[in-house]
Number of protein chains: 2
Amino acid sequence: MQTQESNVVRFGQAALRCADCRLQRVCVMHTVASHCAGETGVKCGRPSPRGHHLFRQGERLQALYIVRSGSAKSYVSTPDGLEQVIRFHLPGDLIGVDALGEGTHTSSAQAMEMITVCRFPLDVIEDAAHHDPALYAQILKHAGREITKEHARAVLLAQRGADERLAAFLLQMSDAYAHLGYSAVAFNLPMARQDIASYLALAVETVSRLFTNFQHEGLLEVDRRSIHIPSLERLRAVARASGKTLLTANG
Amino acid sequence: MQTQESNVVRFGQAALRCADCRLQRVCVMHTVASHCAGETGVKCGRPSPRGHHLFRQGERLQALYIVRSGSAKSYVSTPDGLEQVIRFHLPGDLIGVDALGEGTHTSSAQAMEMITVCRFPLDVIEDAAHHDPALYAQILKHAGREITKEHARAVLLAQRGADERLAAFLLQMSDAYAHLGYSAVAFNLPMARQDIASYLALAVETVSRLFTNFQHEGLLEVDRRSIHIPSLERLRAVARASGKTLLTANG
DNA sequence: CGGGCACTTGAAGATAATCAATGCCGGTGG
DNA sequence: CCACCGGCATTGATTATCTTCAAGTGCCCG
């Protein structure tokens, strides 16, 4: 069920237009949007339930997406049926750039909770980029950042211990929420423990134990998916050097 | 020591022009080159010795590079002084795309042996892209592939054991050489064991042991950096499932 | 109220890291 | 030409970290 006016959607009682979007500040696509006053095919706000796939690995690239509200995860499926979480997406994030390589999605994107996204069909993007080549530069910039993030993750996985990884992950989430104007020290994780484990290349059990340990150390107050960070500084210290003498995964 | 004619360089006795370049087939930048008949600032072929840095992490992005001959590695330096190898670059590879994110290099690129590169200053690229927006799409495509490769690496590091990683790495090199028209089963690794270890997130000792084990299993003939692969199929089998009952890192 | 799924906890085991030492090759200088 | 040096690579023994297996708890949803 979608509205007739493209670029506009009724969500609850509110009609949302890109011009009104509170995410303009963090949204890579407002250049596209600015060229999309009328009927453009851009659809903003399509509420999807938890578990919904925006696209699946192997599908042809048709559109890029921006998260408006809620959150999603990207993952790749391995031949042996396992799932590797690649990235978590919060409001403002652009999804699907990796598919620009071969025109086919190399990862799947799935909603982790009720989510609304803005959909930018590829042809619309190309049209907009034709009018304003700066858009290409913009997307390229985004792609560059994406690569940089992957590098940071490679360092994390290659050189850091389990506790350092979890601490770094929590700080990453904290930063993301802060950047969106939410609290940096109190938030709810939208993803399951299993997803965190996959993302950090750890076993679920290890992640679980680490949460417990962090809590016992007073680094964290955890209640299921609700997180409170008493001291960002202390958590940063753990992310940097790890408590080599402080914590062990097993209790 | 550089030639006067840009886009042309004397290397040994041969004058090399992009138009003559045997890498055209694999070179992302021939679109740029085709707009660079005259004095463009593009410098092709600048022989640099082993150890030479094309750029360093933190430096302002000034140009992208394409490897013409030889090989290089990209790595990021961590706060604690460690080096994380991100990628190896063979002839035809485009280097520096990650810096398109913030305009600053987030990794360093260093020659692993005598190397020649083509240098594409950013403004030249932008000019060329102005004439032919398809170039943007081209670079974007490359960036997408880069991201996809990072995903593959994430899967490798997260889900695979040490022997599977090394096998996958060797097959990766094999494919790369085959793609360049060289032998897929006999080649010299341009990088040190330490670099392989870093790239695969393993200790040097582990890599060394694995080479030895592979050799004993008849999977590989290794002499220092010279590699011969008797059976690609068998190596692929190891990369897939690992010899869970077959090999152990320690002797 | 019951079932299933997500999460937690514990104990045993495996994989790869670390520590420590030796071997090999290539280059340099006597 | 040979001897020495330094970096790179290999090998062995021990240990730490994390995984795996197994079981149990609690919460959410029908």
Side-chain angles (χ1 to χ4, degrees), chain A residues 49-51 73 82-83 85 112-114 156-167 188-216 220 222-227 238 241-251, chain B residues 49-51 73 82-83 85 112-113 156-167 169 188-216 220 222-227 238 241-251:
Chain A
R50 171 188 158 83
K73 64 176 174 182
L82 296 176
E83 224 175 67
V85 174
M112 295 192 298
E113 58 185 328
M114 183 63 76
L156 198 68
L157 297 193
Q159 301 190 351
R160 304 300 182 185
D163 43 13
E164 300 170 87
R165 290 186 213 173
L166 184 60
N188 285 304
L189 295 173
M191 72 290 285
R193 294 284 190 275
Q194 178 57 62
D195 291 326
I196 301 176
S198 174
Y199 181 71
L200 297 177
L202 296 170
V204 207
E205 295 93 327
T206 304
V207 172
S208 192
R209 280 186 246 276
L210 286 170
F211 271 117
T212 305
N213 290 352
F214 280 12
Q215 174 132 303
H216 288 159
L220 226 53
V222 189
D223 177 30
R224 217 150 168 79
R225 296 192 182 177
S226 143
I227 303 288
V238 174
S242 166
K244 263 154 194 161
T245 61
L246 185 66
L247 297 166
T248 305
N250 289 324
Chain B
R50 172 188 157 81
K73 64 176 175 183
L82 295 176
E83 230 176 60
V85 173
M112 296 192 297
E113 57 186 328
L156 198 69
L157 296 193
Q159 302 190 351
R160 303 302 183 183
D163 41 13
E164 300 169 89
R165 289 186 215 174
L166 184 61
F169 166 72
N188 286 302
L189 295 173
M191 72 290 285
R193 294 283 189 274
Q194 178 58 63
D195 291 327
I196 301 176
S198 173
Y199 180 72
L200 297 177
L202 296 170
V204 206
E205 294 94 326
T206 304
V207 171
S208 194
R209 280 186 245 277
L210 286 170
F211 270 117
T212 305
N213 290 353
F214 280 11
Q215 174 132 303
H216 287 158
L220 227 51
V222 190
D223 177 31
R224 222 153 163 76
R225 296 193 183 177
S226 143
I227 303 287
V238 174
S242 168
K244 266 158 191 158
T245 60
L246 186 66
L247 296 166
T248 304
N250 288 327

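Owing to the predicted nature of the structure, the values given are computational and were not obtained by experimental measurement. What you see below is based on every heavy atom in this structure, not just the backbone, and it leaves out hydrogens, waters and symmetry mates. In what follows, chains are A, B, ... by sequence order, proteins preceding strands, each numbered from 1.
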Integer-rounded Å distance: [N] [atom2] and [X] [atom1]:
| X | N | atom1 | atom2 | answer |
| --- | --- | --- | --- | --- |
| B:Gln194 | C:dT18 | CD | C1' | 14 Å |
| B:Leu157 | C:dA17 | CG | P | 12 Å |
| A:Asp195 | C:dC7 | CG | P | 8 Å |

For A:Ala201, which contact category applies under a 4.0 Å heavy-atom criterion: base, sugar-phosphate, or nothing? sugar-phosphate

May I ask you to say what B:Arg225 touches in the nucleic acid, namely base, sugar-phosphate or nothing, with a heavy-atom cut-off under 4.0 Å? sugar-phosphate

Looking only at the side chain of A:Ala192 (C-beta and beyond, no hydrogens), which of the listed nucleotides C:dC7, D:dC18, D:dT11 gets closest?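 The answer is C:dC7, which lies nearest to the side chain.
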
Out of C:dT9, D:dT10, D:dC8, which has the shortest distance to the side chain of B:Arg50? D:dC8

Side chain B:Ser208, main chain B:Arg193, donor-acceptor under 3.5 Å: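 Answer holds: no.
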
Tell me, yes or no, whether the heavy-atom count around B:Arg225 atom CZ, taken from other residues, nucleotides or ligands under 6.0 Å, exceeds 12.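 Enclosed.
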
Please check the phosphate of D:dT19 (OP1 and OP2 only) for any side-chain N or O of A:Thr206 closer than 4.0 Å.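 So the side-chain polar atoms of A:Thr206 do come within 4.0 Å of the phosphate oxygens OP1 or OP2 of D:dT19, strictly under.
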
Quick check on the helix from C:dC1-D:dG30 to C:dG30-D:dC1: what's the angle between its two end axes, five base pairs per end, to the nearest 10°?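 For the helix from C:dC1-D:dG30 to C:dG30-D:dC1, the axes at opposite ends meet at about 40°.
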
Check the interface with nucleotides 19-24 of chain C: list each N/O to N/O pair with the protein under 3.5 Å, or write none.
unit_1, atom_1, unit_2, atom_2, d
C:dC19, N4, B:Glu205, OE2, 3.0

